[in-house]
Structure formats: C-alpha cells, structure tokens
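Please read the structure below before turning to the comments.
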Amino acid sequence: MQTHDVIIVGAGHAGCEAAAAAARRGARVALVTLRADDPGTLSCNPAVGGIGKGHLVTEIDALGGIMGRVADAARLQSRLLNRSKGPAVHGPRAQVDRALYRAAMAEVLAELPTLAIITAAVEGLLVERGRVAGVETSVGRLSAPAVVLTTGTFLGGVMHIGSQREAGGRVGAQASDLGAALRAMGLPVSRLKTGTPARLDGRSIDWSVLEWQYGDGDDPRFSRFGICSAAGNGRPPIPCAITRTNAETHRIIRDHLGESALYGGHIDSVGPRYCPSIEDKVVRFGDRDGHQIFLEPEGYDDITIYPNGLSTSLPLHVQEKFIRSIKGLEQVVILRPGYAIEYDHVDPRALTPGLGARAVPGLFLAGQINGTTGYEEAAAQGLVAGANAAALALNLPALTIDRTQAYIGVMIDDLTLHGVAEPYRMFTSRAEYRLRLRADNADQRLTPLGQALGLVPPAQADAFAAAQAERDAARALLDTLTATPHQLASHGIEVRQDGQSRSLFDWLRFPAVTHAAARRVWPELASISDDLLASLAVDANYAAYIARQEAEVAALRRDEALALPADLDFAQVAGLSKEMIERLSRARPLTLGAASRVAGITPAALIALLPHTSRNKPTLAA
Amino acid sequence: MTDTIAALASGRPPAALAIIRISGPAAFAVVQQLAGRVPPPRRLSLCRLHHDGQLLDEALVAVFPGPASASGEDLAELHLHGGPAVVAGVLDAVTAQPGVRLAEPGEYTRRAFASGRMDLTQVEGLADLVSAETASQRDQALALAGGALGRLADQWRDRCLNVLAEAEAGLDFAEDEADVAERLDEAARDQLADMADELAALIADSARAMRIRDGLTIAVTGPPNVGKSSLVNALAMRDVAIVTAIPGTTRDAIEVPIDLNGVAAVLIDTAGLRDTDDPVEAIGIARARARAASADLVISVASAEAPQWTGDGALRLLNKCDLAAPDVPPDVLAVSATTGAGLPALRDWLSHWAHNLIRPGEPALLSHARHRAAFADAESALGDAAMASEPVLRAEALRAAAHAFGRIAGRVGVDDVLDRIFSRFCVGK
C-alpha cells in the first residue's frame with residue numbers, strides 16, 4: 001500500500017503533462033505506465049504543433065507546461081504556418097526526433113522531485129464511499145484521493161489491418177479493459193476510431209525526384225523563455241519532402257475498397273473528418289487528381305519515414321501496391337503497415353470544466369479518452385486535469401480557463417458542453433476571440449494565472465516578469481513618440497496627408513510605416529528588439545478589433561457570472577421543452593453563459609433558466 | 001411552478017362580446033371549476049359559468065392544449081357577453097382559483113416567446129399588428145408576425161456562414177492542402193462584393209418600410225393666417241388645430257394622423273413663417289422649419305387674397321379661393337378649407353403621392369430601427385470583409401456580419417435578448 005496525492009494512469013502526452021502539472025503544484029505524483037520508456041512516445045506523426053495546435057502548445061508553455069520545451073529540444077526543423085494569413089492564426093510547428101523527444105521528456109520529468117514513474121498495468125479503479133481512492137495495479141494497490149485517466153487509444157483498443165484485427169492500444173502494446181469499470185460507474189462510454197499510415201524505409205525512397213520542404217530560417221520555437229535543462233540537439237535542421245498521390249494510386253485504392261477495415265464493414269465507429277484515411281479521401285474527394293503527401297523523417301539517427309497523409313486500414317499487400325504507385329516511392333520498403341484503431345472514449349459532457357468526472361469525485365480524464373485527437377489537445381487537457389487533481393488532493397484553488405482566455409478554454413468548453421461526434425481537433429475557427437488568443441501573446445494571457453496557482457516554475461516567472469517590464473516600457477515609448485504625416489513624408493514615408501498627428505503605436509497600423517522606416521525616424525527604438533516591436537505592431541494592428549470584442553467578452557463574463565446549481569433538475573424548470581431538458585441534462589451547464597452555448601438551446605430556454613441562476617435567487621425575508 | 005395568467009383579451013366593456021384568456025397549467029382546471037366540464041379541444045362549446053353557486057354568464061368556451069396553442073401552454077378562451085358586470089364577475093371568479101393571477105402587459109406574448117412559439121421578429125410583428133391602423137401597416141405587420149423577416153435574416157446569415165466557412169477553411173487547412181486553401185480564400189473575396197451590393201439595395205428599401213410603419217410625414221407650411229390649421233382640420237375631418245382669425249395662433253407643430261387610402265400619414269400643422277419679436281412664436285417658427293426639413297412632403301400654402309408662396313414646398317396650395325379668384329398657376333391646387341372646394345382633388349393628389357412612395361402590396365420588411373441597424377451593421381461588416389488587409393481579419397468581419405443577422409431573430413447572447421424583451425413589454429419590472 002503506497003500513498004500518493006495524485007495517480008496518473010498512462011504516460012502519453014496527456015499523462016506526462018498531467019503528472020508534471022500536479023507535481024509542480026507540490027503533489028506527490030505516481031505516473032503509472034505499462035513500460036518505463038513510454039513517457040514522451042510519439043505514437044503517430046513525428047511533429048508537434050500546427051495551426052490551432054501550435055496555439056495550444058504555446059499556452060501549455062505559458063502555464064509552465066512541458067510539451068513546448070520538449071518539442072523545442074527535440075526539433076529536426078520548425079516552421080511558422082500561415083505567415084501570410086495574419087498573426088492571429090500563425091501556427092508554430094516542429095518536426096521532431098522521436099528518440100530525442102523521449103529523452104527530453106525523461107529529463108524534464110526527472111527534474112520534478114515529487115514525481116515517481118511506476119511501471120505496471122492498471123487493472124481497476126478503487127472507489128470508496130462514492131469517491132476515488134486509488135487504483136489496483138499488476139504490482140499492487142496504489143492509493144490517492146485523485147486519479148487522472150489518460151488511457152489514449154488503449155481503452156478497449158482494437159487494431160485493424162484489412163480484415164485482420166488484434167486487441168491493443170498501439171503496435172506491440174496491450175489494451176486496457178478499464179472501459180468496463182467506467183461503464184459500471186455510470187460514465188457514458190462509446191467508440192471512436194483513428195488511424196496511422198505505414199512507416200517507410202527512407203533508404204528505399206528516391207529523394208532525387210522529390211521537392212524538399214525546409215524549416216523556416218528564423219527557427220521558430222514554442223517555448224517563449226526556452227527554459228529546458230534537456231540539451232538542445234545542436235544539429236542542423238533537416239527537411240521533409242513532398243510528393244502526391246495520383247490517378248493510379250486512387251484506382252488501386254478504389255479497386256480494393258472492400259478489403260479496407262473501414263469500407264469492408266469491420267469498423268463502424270466514427271473517425272475524424274479532419275484527418276481522414278486515404279480511403280476516405282479517395283471516396284469523398286474522388287474528383288481531385290491527387291493529394292499532397294509529406295514525407296517526414298522520424299529522427300536524425302532513424303531511417304524511418306512517416307508518410308503524412310496516407311493513413312489507411314487496407315491489407316498490407318494493397319498498402320504496398322498503392323504506396324509504390326506514388327512518385328519517389330516506386331521501390332519503397334514498408335517497415336510497418338498502417339492500421340486503423342478503434343477505442344473507447346467517455347462522453348466528455350460527463351465532465352466538469354476542470355475535467356473531473358461529475359459522477360465519481362476524484363476521477364479526472366484527459367486526452368483521447370475524452371474524444372479528442374492529437375498530441376497537443378491531449379497535453380493541454382492533461383495540464384488542466386493534473387492541476388485540478390492536485391487541487392483536489394491538496395485543497396488548492398482549481399484551474400479553470402474560459403473561452404476568452406485561451407484555446408485550452410475553448411476546447412474544454414466545447415468538449416464538456418457539446419460532447420464529440422467525431423474525434424475533436426483544435427481549429428482556430430473554434431475560437432470566437434481569435435484575435436486575442438494568439439501564439440505570440442500566450443504568456444501575457446496565461447502566465448499570471450499559472451503563477452497564481454503555482455504552476456509556473458520560478459525561473460520562468462522571473463523571465464516573464466522581466467519580459468513584461470520590457471514590453472510595458474516599449475509600449476510606453478511607442479505611445480510617447482508622435483509624428484504628423486508631414487514629418488513622416490520628410491523621412492520618405494508615404495502616408496495620406498490628413499494632417500493628423502498620431503502616436504507611433506497608432507502609426508504601426510499603417511503598412512507604409514515599416515519597422516525599418518520607424519527605426520530610421522526614431523533612433524530611440526534601438527532599445528526595442530525586433531521581436532518585441534513586431535509583437536507590439538500586432539497589438540496595434542488588432543487594437544480596434546479587440547476593443548470591439550471587449551463588449552462581447554464583457555457580456556460573456558456577465559452570463560458566466562450567473563451560476564446554475566450543479567444539482568438543478570432541468571425537468572422541473574417551468575417552460576423548458578422536452579428537447580431542451582434532454583440537451584441541458586446531458587451537458588449540465590454550470591452557468592447561464594455555458595447553457596447559451598449548448599447546441600440547440602433557444603433564447604427562450606435561457607429565459608426559463610434565468611430564475612434558477614444564483615444572482616436572481618430571491619432572498620427570503622427573515 | 002408557473003403561474004396561470006388570465007386577462008381580458010378584447011376591448012373595454014361594454015361591448016357585444018368580451019373574451020377572457022387563461023394561459024398556464026391551471027387553465028383547464030379553471031374551466032372545469034367554472035363550467036363544470038372541459039369541452040373538447042379547439043372547438044367552441046356553449047357552457048354555463050358558475051361561481052359560488054351563482055350563474056355568471058352563458059358563454060362560448062374553447063380550450064387549446066399546449067404546446068400547440070398561441071402561448072405554448074394550456075390555453076382557454078371564454079367568450080362572454082360584454083357587459084362590465086359580467087366581465088368583472090368572471091375575471092374575479094377566474095383569479096379566485098388557486099395559482100391564477102391577472103396577466104402583466106405583454107405576458108402572453110412573452111410566454112409564446114419563452115415556449116419557442118415565436119421568434120423575436122414575430123413578437124415585434126405581433127405588436128405592430130395590434131397597433132396597425134392602415135391596410136399597409138397591417139400587411140407589413142402580418143408578414144413580420146408570420147416570420148418573413150426572421151427567414152430573410154436566416155437566409156442572409158446562412159450566406160455569411162457559407163462564405164465564412166470557406167474563409168475559415170483557408171485559415172485552418174493551409175497546413176494539409178495549401179492549394180485548396182488559396183482557392184477558397186479567393187472564392188470568399190468574390191462573393192463578398194455581390195453580397196454587399198444586394199444588402200445595400202435591401203437597406204435602401206428600408207426607408208419605405210419604416211414609412212409604412214411610422215407613417216409618411218407631411219408638413220403644412222406657409223405665412224401666418226393663410227389657413228394652414230383649417231386645411232389640416234379639413235383633411236383630418238376633425239377639429240384638431242385651433243383656428244382663429246389672429247395671425248400666429250399656431251405656436252407649436254401639431255401632428256395629426258390621417259389615412260391616405262390605406263397608407264398612414266401624419267399631417268404636421270406648423271407655425272406661420274414670419275419675422276417675429278415674440279420669443280414663443282420664434283421657437284415655433286424654428287420648429288416649423290425643422291419639421292419641414294425632415295418631412296417626406298412639404299405643402300406650401302398661400303392665401304388667394306395674397307398669392308405669395310414662401311419656402312419651396314413640393315406641393316403648392318392656394319387656400320381661401322372662396323374669398324378671391326386670382327389666376328391659378330398650372331402646378332398649384334386651388335382649395336377652400338372652409339367650403340371644401342378642391343379638397344377631393346387634394347386628397348387624390350396626396351394619396352397618389354403616398355402610394356408612389358410606399359408601393360403598398362410590395363413587401364418591405366425592415367420596418368424597425370433595430371432591424372435596419374442590424375442589416376446596416378452586417379453591410380458594413382461585409383464591406384470590411386471585402387477590404388480586409390489579411391485573411392484572418394476578413395474572417396473576423398464575416399463573423400460580425402453573421403452575428404448581426406443572428407441578432408434579428410434573437411439567436412444570440414442572453415443579455416441582448418432579455419434587454420429587448422424587457423424594454424418592449426415591461427415585464428418583470
């Protein structure tokens with residue numbers, strides 16, 4: 001019998017981030033995983049970040065989390081996606097070395113003195129008097145008042161290659177049957193699927209005919225302050241390559257569709273529309289003459305190539321045939337076939353905004369078990385679940401993040417209110433306050449919050465404070481420096497001569513006022529770094545839009561302040577239709593604002609709920 | 001538990017008939033108690049209503065089970081004889097039942113809205129319908145109450161969301177399929193210009209809708225003592241404005257609603273235009289000029305005794321043609337407010353003018369300032385979207401446009417909707 005504050009089941013991206021967050025808050029954490037080298041395993045593509053996902057990674061970093069630091073340390077190359085689309089949607093992304101990623105993760109976890117990694121299979125959940133008390137494992141019982149389940153695809157996992165099927169959470173790893181236990185506790189469990197492509201031998205690819213895709217010269221990072229004791233790799237970046245499927249590829253796939261696990265009727269769970277298998281792409285976008293395939297190296301010292309865009313559940317002989325129809329891959333050797341995997345997930349509407357299971361106090365869920373897809377989505381939930389598991393165990397304030405603060409808040413709000421119909425992936429379009437929620441200001445948005453909750457390591461907090469002071473000083477300078485259009489013209493800057501004197505901060509919105517030009521006019525700007533000036537220019541550019549959104553944000557906050565009782569019986573609320581009662585009962589919104597975001601809820605239903613909010617509760621006369 | 005509400009739904013007694021409406025969970029229990037039975041739904045049945053052993057009336061009773069009723073709740077209507085004692089007695093008996101109280105103003109409509117029977121534009125349409133005084137106001141209110149504007153706004157919102165979806169795809173999927181993203185972005189830009197144009201035309205037409213609802217304004221101007229007030233009284237067919245022989249009698253602008261063959265208009269009698277030392281009259285003259293400036297039509301009146309017109313009215317009248325007979329220029333109507341000569345021709349002229357402007361029969365839906373403002377917001381957002389310097393700002397503007405249309409039917413934030421309802425129906429204050 002061992003006593004911990006928090007037990008984390010599973011050491012994928014959600015589990016590692018949860019363990020680290022709980023440990024940073026001072027909890028004694030047991031991270032229980034099947035194999036000692038599991039932490040930091042990238043089970044699908046060798047890349048971290050992207051559009052929307054990159055935002056999540058910078059937010060994790062701003063809250064003192066580890067994913068950004070580990071990915072930076074393990075990067076093969078990095079890019080900033082969407083550069084031409086506007087700063088709000090810039091998405092940092094890194095190709096990473098699998099081995100370096102695992103090594104960096106091990107190092108980062110080892111820095112946390114209250115975290116222990118335990119190699120064992122979790123066989124059951126211990127529940128006493130309706131509360132979580134620990135877990136039963138293959139090496140004995142572990143007790144703790146809070147347990148975070150981050151089982152990924154391992155819950156009832158079944159892998160499919162053609163008509164072959166095998167129980168397991170990943171190739172070479174056993175599946176877990178905790179699913180039955182969750183069902184027994186009354187948690188709504190259903191099936192989802194996802195898939196992965198074949199892995200290729202890089203030595204058998206004809207690289208000479210392919211187009212290279214290099215990283216960006218400025219080597220973008222996720223971690224703002226880059227505090228990582230794990231040694232950076234120090235090696236030169238390496239490129240990916242791009243190829244395309246063609247008519248022949250599509251013909252082969254179409255001819256063998258019946259043999260696909262997906263189309264042969266072996267899988268009927270729902271997969272992500274956003275990350276479709278190549279079978280899906282051929283069936284649904286049959287009119288296109290080809291789809292881009294990215295050939296991503298898995299590491300500096302690894303011959304394995306990950307063909308991004310070729311996820312499939314066709315039998316091995318068909319995989320071989322269609323992959324070899326692709327330019328550059330004519331002689332390719334498949335190291336491991338692609339497969340589809342079906343797994344159990346819990347309807348996240350059964351969770352609180354802190355990712356605790358409403359039905360079982362002390363139980364927290366994060367990652368794919370909540371119906372999401374992607375490393376970054378998993379890690380972000382892990383951080384929230386871990387921080388809240390520690391809060392419960394140590395009686396600390398909880399971490400909740402709303403939609404106006406971060407993509408993390410958007411994701412958790414979406415999950416807990418709407419549930420998932422397909423694996424949930426982060427998109428920038430999901431964020432209504434997108435102009436505020438940028439990768440470049442994640443620290444300003446979240447580090448103070450993380451600091452207040454003890455999630456941000458002191459060195460990072462100090463670096464942030466220094467950067468903020470520098471930023472504030474720079475902003476003050478930009479507000480102080482002014483010029484008329486006439487004065488700018490005298491420096492050769494062409495702007496409309498409206499006679500209006502403006503501060504430099506305002507002038508930065510004008511395309512003609514480039515940073516180089518501004519530095520010519522005002523030598524004082526030498527004290528402001530290029531990065532900082534660029535970041536302030538983004539603020540200037542979006543200032544008017546953000547000011548307009550403030551009213552909306554204020555309205556949202558007002559609605560969020562109207563609390564609904566956690567045990568409100570919606571069936572007893574006068575004026576609610578059956579449909580509204582059903583929708584609200586499933587999502588169990590805790591505020592009127594949250595209720596307004598439940599899909600299909602009418603303004604009328606909100607009015608009916610209004611008398612039940614606490615601000616409007618009548619006070620009884622003595 | 002929701003209260004059951006009751007109120008007199010018809011006009012003030014005495015009248016031939018009076019209708020009492022009862023809505024809420026106890027509605028049928030009330031009928032059972034008073035009539036001794038609940039008649040079959042949606043059919044008028046003759047019932048004797050009793051209370052405390054007293055016969056109150058012999059009435060036609062209809063019950064409408066919720067949610068398929070006007071209020072969305074169980075609803076009963078008692079069609080009574082319209083004597084004040086009958087109505088008072090039955091209302092007393094109804095509200096004496098447990099859980100029943102008198103309705104607040106607008107409470108039935110609020111319940112219909114709360115039960116999802118109506119959207120916000122339909123509520124507004126209903127309010128317009130109740131206060132409609134002319135045929136074209138009625139037509140417009142009926143279209144609104146029937147949900148025509150809600151549907152129009154939904155269609156527009158849908159179009160915005162379609163373009164937005166393309167714009168968003170360009171932002172979120174650049175990573176996977178770069179070529180698709182660029183194409184989508186271009187498509188979005190092209191559609192925006194078309195949409196902004198169409199919307200501008202709709203908004204231009206909204207002036208007509210607002211005139212139908214609020215009435216056309218006609219300012220009657222001219223020097224003192226040319227008989228402007230007599231003319232206004234004659235056109236309105238009642239004595240509204242004070243008429244004396246003393247120049248400068250009318251000090252303030254007086255507004256008189258008239259019906260121009262089914263189109264609502266407001267006649268504005270103004271102070272006579274002259275130089276004056278009287279500060280009160282001077283204020284009246286300033287107001288007269290202001291009203292003339294904002295009116296849909298300015299009528300300049302001169303007296304046949306001194307055929308001189310001041311100002312530049314679109315219609316020139318020569319009044320008092322019973323007192324003198326000067327030459328009448330071809331574009332001037334000669335009338336006599338006293339004898340009524342020329343008044344039918346004047347009415348015809350006004351009615352013709354009003355119908356040209358209003359085009360009754362053609363739907364004009366943007367009759368409320370709120371609707372017009374939402375459409376105008378959407379138009380300006382679409383303009384921003386077309387001009388946006390970066391794709392993410394274009395998407396932002398499109399979101400704002402979709403949001404503006406959503407606001408029309410009340411498909412948005414709680415506060416917005418609540419404010420609207422509370423201000424309109426004075427409920428819950």
Side-chain angles (χ1 to χ4, degrees), chain A residues 50-53 79 81-91 93 274-275 285 288 291-292 294 308-309 425-430 432 434-435 509 511 541-542 545 548-549 552 554-556 558-559 562 572 574-580 592-593 595-596 602-610, chain B residues 1-3 24-25 66-67 72-73 110-120 164-165 167-182 185 381 384 388-397 399-400 403 409-422 427-428:
Chain A
I51 298 164
K53 290 165 175 278
R79 294 196 294 143
L81 305 179
N82 263 351
R83 272 193 204 258
S84 64
K85 307 275 168 94
V89 291
H90 285 179
R93 183 183 200 267
Y274 321 116
C275 178
F285 308 103
R288 302 204 56 201
H291 297 274
Q292 261 184 339
F294 300 89
N308 197 346
R425 173 175 147 188
M426 196 69 246
F427 291 115
T428 70
S429 50
R430 297 191 193 272
E432 47 281 77
R434 182 164 56 192
L435 298 184
R509 269 188 293 125
N541 214 0
Y542 287 162
Y545 293 87
R548 225 179 293 162
Q549 274 188 354
E552 264 177 68
L556 180 108
R558 268 201 310 280
D559 292 347
L562 292 172
Q572 296 303 310
L576 283 183
S577 70
K578 237 189 212 140
E579 189 195 346
M580 296 297 136
L592 197 66
S596 73
T602 60
L606 298 176
I607 292 164
L609 286 175
L610 195 60
Chain B
M1 202 59 200
T2 313
D3 287 344
E73 305 175 314
R110 187 191 167 200
R111 286 183 178 207
F113 180 74
S115 64
R117 295 282 298 164
M118 303 175 108
D119 75 18
L120 212 48
L164 177 63
E168 295 280 2
L171 298 177
D172 274 331
F173 295 99
E175 188 180 0
D176 312 336
E177 307 270 352
D179 49 338
V180 179
E182 289 307 325
D185 206 40
D384 288 352
S389 60
E390 57 188 45
V392 68
L393 291 178
R394 171 147 63 249
E396 199 61 35
R399 287 177 174 193
H403 191 77
R411 286 180 240 294
V412 273
V414 188
D415 270 24
D416 260 11
V417 177
L418 289 180
D419 288 353
R420 177 64 42 189
I421 293 167
F422 287 160
V427 283

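Reckoned from all heavy atoms, side chains included, excluding hydrogens, waters and symmetry mates.
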Where on N541(A) is there a heavy atom nearer than 4.5 Å to chain B: the side chain, the backbone, both, or neither? side chain
Of all the heavy-atom pairs spanning S429(A) and R399(B), show the shortest one and how long it is. O-NH2, 3.2 Å
Please report the closest heavy-atom contact between E396(B) and E432(A), naming both atoms and the distance. OE2-O, 4.2 Å
With a 4.5 angstrom heavy-atom cut-off, is it the side chain or the backbone of P511(A) that approaches chain B, or both, or neither? neither
Can you name the nearest heavy-atom pair linking V392(B) to A88(A), along with the distance? CG2-CB, 3.9 Å
Nearest heavy-atom approach of S84(A) to P391(B) is O-CD, 3.7 Å
Taking only residues two or more places apart in sequence or in another chain, which ones pass side-chain contact (heavy atoms from CB on, under 4.5 Å) with D384(B)? R548(A), A397(B)
Pair L171(B), F427(A) - check side chain to side chain contact (heavy atoms under 4.5 Å, CB included), show working. CA-CA 9 Å; L171(B) 298 177; F427(A) 291 115; over 6 Å; no
Among residues at least two apart in sequence or on other chains, which ones pass side-chain contact (heavy atoms from CB on, under 4.5 Å) with A595(A)? L564(A), L584(A), P589(A), L606(A), L609(A)
